[in-house]
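These numbers come from the heavy atoms of this one structure, side chains and all, not from hydrogens, waters or symmetry mates.
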Amino acid sequence: MTPTEGMEQWDLTSKISPYLDRHMMFPLLEYLDGLIADGTVSYSTQDVAAARLALLRPTHMVDYAIDIYKTVHPDNAIPAEMEEQKTSVYQRLEELEKGCKALHELCSSEEEKAKLQASGKWNVDGLAQTP
């Protein structure tokens, strides 16, 4: 038995993952990919990619999910539901950007920022009153 054989018995990923936020799981899965590449553990890279894909499905990280889907299912076309999710996420992003446009322009203008700071209105209350 080599020193790396049987390392899976010490892996706590499956035990702690139910208690972690899904976004905390991605670095852990990346670490597992590194261990697989080093030959430290004998997990399947496909299984780790499938776990990553399962974590990504309910999120808005659609481009990353599509990339992972392509690695897990290289011969399959991207499912229509993923394409629809991508479309809806980008539509929502555009709506949000439109809603924040005035604030973004205000924050981008050094001259306007300087005026508001000088007048003491560069705070939440002051910005709420600014037309």
Quiz item: Is there a donor-acceptor pair under 3.5 Å between the side chain of Glu94 and the backbone N or O of Val89?
Solution: no
Practice problem: For the pair Asp38 (side chain) and Thr40 (backbone), establish whether a donor and an acceptor sit closer than 3.5 Å, ignoring hydrogens and angles. | Solution: no
Quiz prompt | Qualifying side-chain hydrogen bond (donor to acceptor under 3.5 Å, both in side chains) pairs, either residue in residues 69-79, two or more places apart | solution = none
Can you list everything that forms a side-chain contact (heavy atoms from CB on, under 4.5 Å) with [X]? Sequence neighbours excluded, please.
X: Thr45; result: Ile36
X: Glu81; result: Arg57, Pro79
X: Gln117; result: Trp122
X: Val72; result: Gln46, Ala49, Ile68

Can you give me every donor-acceptor pair (side chain of residues 102-111, partner residue at least two apart or in another chain, under 3.5 Å) with its distance?
| residue | atom | partner | partner atom | Å |
| --- | --- | --- | --- | --- |
| Ser108 | OG | His104 | O | 2.8 |
| Ser109 | OG | Glu112 | N | 3.2 |
| Glu110 | OE2 | Lys113 | NZ | 3.4 |

Practice problem: Measure across Pro18 and Ser14 and return the closest heavy-atom pair with its distance rounded to 0.1 Å. | Solution: CD-O, 3.5 Å
Practice problem: Would you name the heavy atoms of Thr59 and Gln85 that are closest together and state the gap between them? | Solution: O-NE2, 2.7 Å
[atom1]/[X] to [atom2]/[Y] distance, rounded to the nearest 0.5 angstrom?
X: Leu28; Y: Leu20; atom1: CG; atom2: CG; value: 7.0 Å
X: Leu32; Y: Asp47; atom1: CG; atom2: CG; value: 11.0 Å
X: Lys98; Y: Leu93; atom1: NZ; atom2: CG; value: 11.0 Å

Self-check item: Of all pairs that satisfy salt bridge (charged side-chain N to carboxylate O under 4.0 Å, His left out), the ones with a partner from residues 21-30, not counting sequence neighbours
Solution: Glu30-Arg52
Do [X] and [Y] come within less than 4.5 Å of each other through their side chains, counting heavy atoms only?
X: Leu29; Y: Leu55; answer: yes
X: Met25; Y: Ile16; answer: no
X: Arg92; Y: Leu96; answer: yes

Quiz item: Can you name the side chain to side chain donor-acceptor pair (under 3.5 Å) partners of Glu97, sequence neighbours left out?
Solution: none
Exercise. Not counting sequence neighbours, which residues clear side chain to side chain donor-acceptor pair (under 3.5 Å) with Tyr90? List them please.
Key: Asp63
Quiz item: If Ile, Leu, Val, Met, Phe, Trp and Tyr residues are connected whenever their side-chain heavy atoms lie under 4.5 Å apart, and connections chain through other members, are Leu53 and Val62 in the same group?
Solution: no
Quiz item: Who passes salt bridge (Lys or Arg N to Asp or Glu O under 4.0 Å) against Asp11, sequence neighbours left out?
Solution: none
Quiz prompt | For Glu83, all residues meeting salt bridge (Lys or Arg N to Asp or Glu O under 4.0 Å), sequence neighbours excluded | solution = none
Quiz prompt | More than 12 heavy atoms of other groups within 6.0 Å of Tyr31 OH | solution = no
